[in-house]
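Numbered from 1 within each chain, the chains take letters A, B, ... in sequence-line order.
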Amino acid sequence: MEISHSVKERTIAENSLVILLQGLHGLVTTVDLRDESTATGRVTNVDAFMNVRLAEVTYTDRQGAVSHLDELFVTGRNVRYVHIPDEVDIRATIERQLQIIHRVRYFGGRDKGRKEFPRTKHK
Amino acid sequence: GGAMSFLKRFPPPAEGVRHQQPDTEAVLAGRSLGAGTLYIAESRLSWLENSGVGFSLDYPTISLHAVSRDLTAYPWEHLYVMVNAKFEEAETKEAPLAEGEEEEDSDDDAEPIAEFRFVPSDKSALEAMFSAMCECQALHPDPDDEDSDNDYEGDEYDVEAHELEQGDIPTFYTYEEGLLHLTAEGQATLERLEGMLAQSVSSQYNMAGVRTEDSIREYEDGMEVDTAPVVAGQFEDAEVDH
C-alpha cells in the first residue's frame, strides 16, 4: 500500500488513527459495517477517509447470508469497527507508519525534498 | 409489466469518464433492467440501457462496491453496488418510495438499501470496473465526517507540481523571495488574506498565532498552525519531534 501522494491525506493519516488501519496492509481483518454486515478479508488499501479495500473477502450480510467477494471497497462512512488482529502490536505499527510518512517528507535530507510541517500540538 | 419509474432518458456523461463498459446488464434487487452501458465517471455512476433510458447513482450514496465471482451466491460474475437509498421496484407500488420509507417485508428499520449488480458480458473487465469505482469514490469523501481534525484550512500545497516546476530549487521560499514570485493573482490573494487577518485579530475564531508578516508560508502549505507565535524562519531547520 503506497503512502498517499497527497499532502492533505498524509497529514490526516498522521494525525488520526487511520494511520493504524493503514498499518494493517496485507493482514486479514474483519470490518463491521454500519448496517451490521461484516466483511473479513486481506487489507489492500486504507485511505485517509477510512475507505477500506479488502481482497478475498468473506462477506456476511445483515441477514446473515454469507458470500465470497474477490474484492470489496467500503466507504469510510460505512465502517463501524475494524477488528485489529490480535497479533498486531498497535504502537509499533503506528510508529512504523509514521516513519514511512517521514521518509517521504524528509527525503533528500534537510533543506531539500518536501517540506510539510505537521501540527506541533502534541509533544 | 411496468417500467421502473426511476429510469430516465439522459445523455451519457461526457467528462471524467474513468471507465465505460458496454454490453452490461443492470440488475436491481434481482430484477433485470436490461442490457446497456455502464459509465463510471468522476461525478456519478450511470447506466444507460441500449434504448437510451437509465439511471445515475451519486457516490456519496454508495456504501460499498465489490467484485463477486462466487457463482453459488449469484450465477454470474458481476460488480455489486450497495446504495443507501430506495429505488422503486416494478409493479409493487404506484408512487416512488420516499427515501427511508419502510417496507413491510424488509427489516431495514434504520437504513434504506438498494442492491445493484452490473453484469458485464466481458467478465475480464470487472477488475478495471472495480478500480475505476474505487478511484471515483475516493473523490467524494464524506462531508459529514464528524472528525473536525480533518478540517485543514487553506489550499492543499501540491508538492509534486511545485517541485516539477522548480527543479532542484528548494520548494519553499523565504517571505521576501516569495513576494517576488507572486503572480498578480497571488498578490491579490495575499492582500485579501491580510485584510481578513487584520479584521479577525480580535475575534475568537481559532487563527491564533498567525501573524500577517510571517504567516504566508503557513497559508501556502495549508496546515493548521500552532498557537505559539510564529517567528520568521522558525521552520527552516525543523527537526520534527513527535
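- Screening residues 17-44 of chain A for salt bridge (Lys or Arg N to Asp or Glu O under 4.0 Å), with sequence neighbours left out, gives Arg34(A)-Glu111(B), Glu36(A)-Arg80(A), Arg42(A)-Glu56(A).
- Proximity to chain B at a heavy-atom threshold of 4.5 Å picks out Leu69(A), Asp70(A), Glu71(A), Leu72(A), Phe73(A), Val74(A), Thr75(A) from residues 69-76 of chain A, in numerical order.
- Side chains of Phe130(B) and Arg53(A) form a contact here, defined as non-hydrogen atoms less than 4.5 Å apart.
- Here Asp58(B) pairs with Arg44(B) under the salt bridge (charged side-chain N to carboxylate O under 4.0 Å, His left out) rule; sequence neighbours left out.
- Within a 6.0 Å sphere centred on CG of Leu17(A), heavy atoms belonging to other residues, nucleotides or ligands number 12 at most.
- For Glu77(B), no part lies near chain A; criterion is any non-hydrogen pair under 4.5 Å.
- The side chain to side chain donor-acceptor pair (under 3.5 Å) search around His65(B) returns none, not counting sequence neighbours.
- Taking Ala66(B), Cys134(B), Ser63(B), Ala138(B) one by one and counting their heavy-atom pairs under 4.5 Å with chain A, the maximum is reached by Ser63(B).
- Using a 4.5 Å cut-off between heavy atoms, Leu33(A) contacts chain B through its side chain alone, with no backbone atom that close.
- What you find for Arg77(A) and Asp142(B) is that their closest heavy atoms are CD-OD2, 3.0 Å.
- Neither the backbone nor the side chain of Met133(B) comes within less than 4.5 Å of any heavy atom of chain A.
- Contact of the Pro141(B) side chain with the Glu9(A) side chain is not registered, since no non-hydrogen atoms from C-beta on lie closer than 4.5 Å.
- When heavy atoms are compared at a cutoff of 4.5 Å, Ile62(B) approaches chain A solely by way of its backbone atoms N, CA, C and O.
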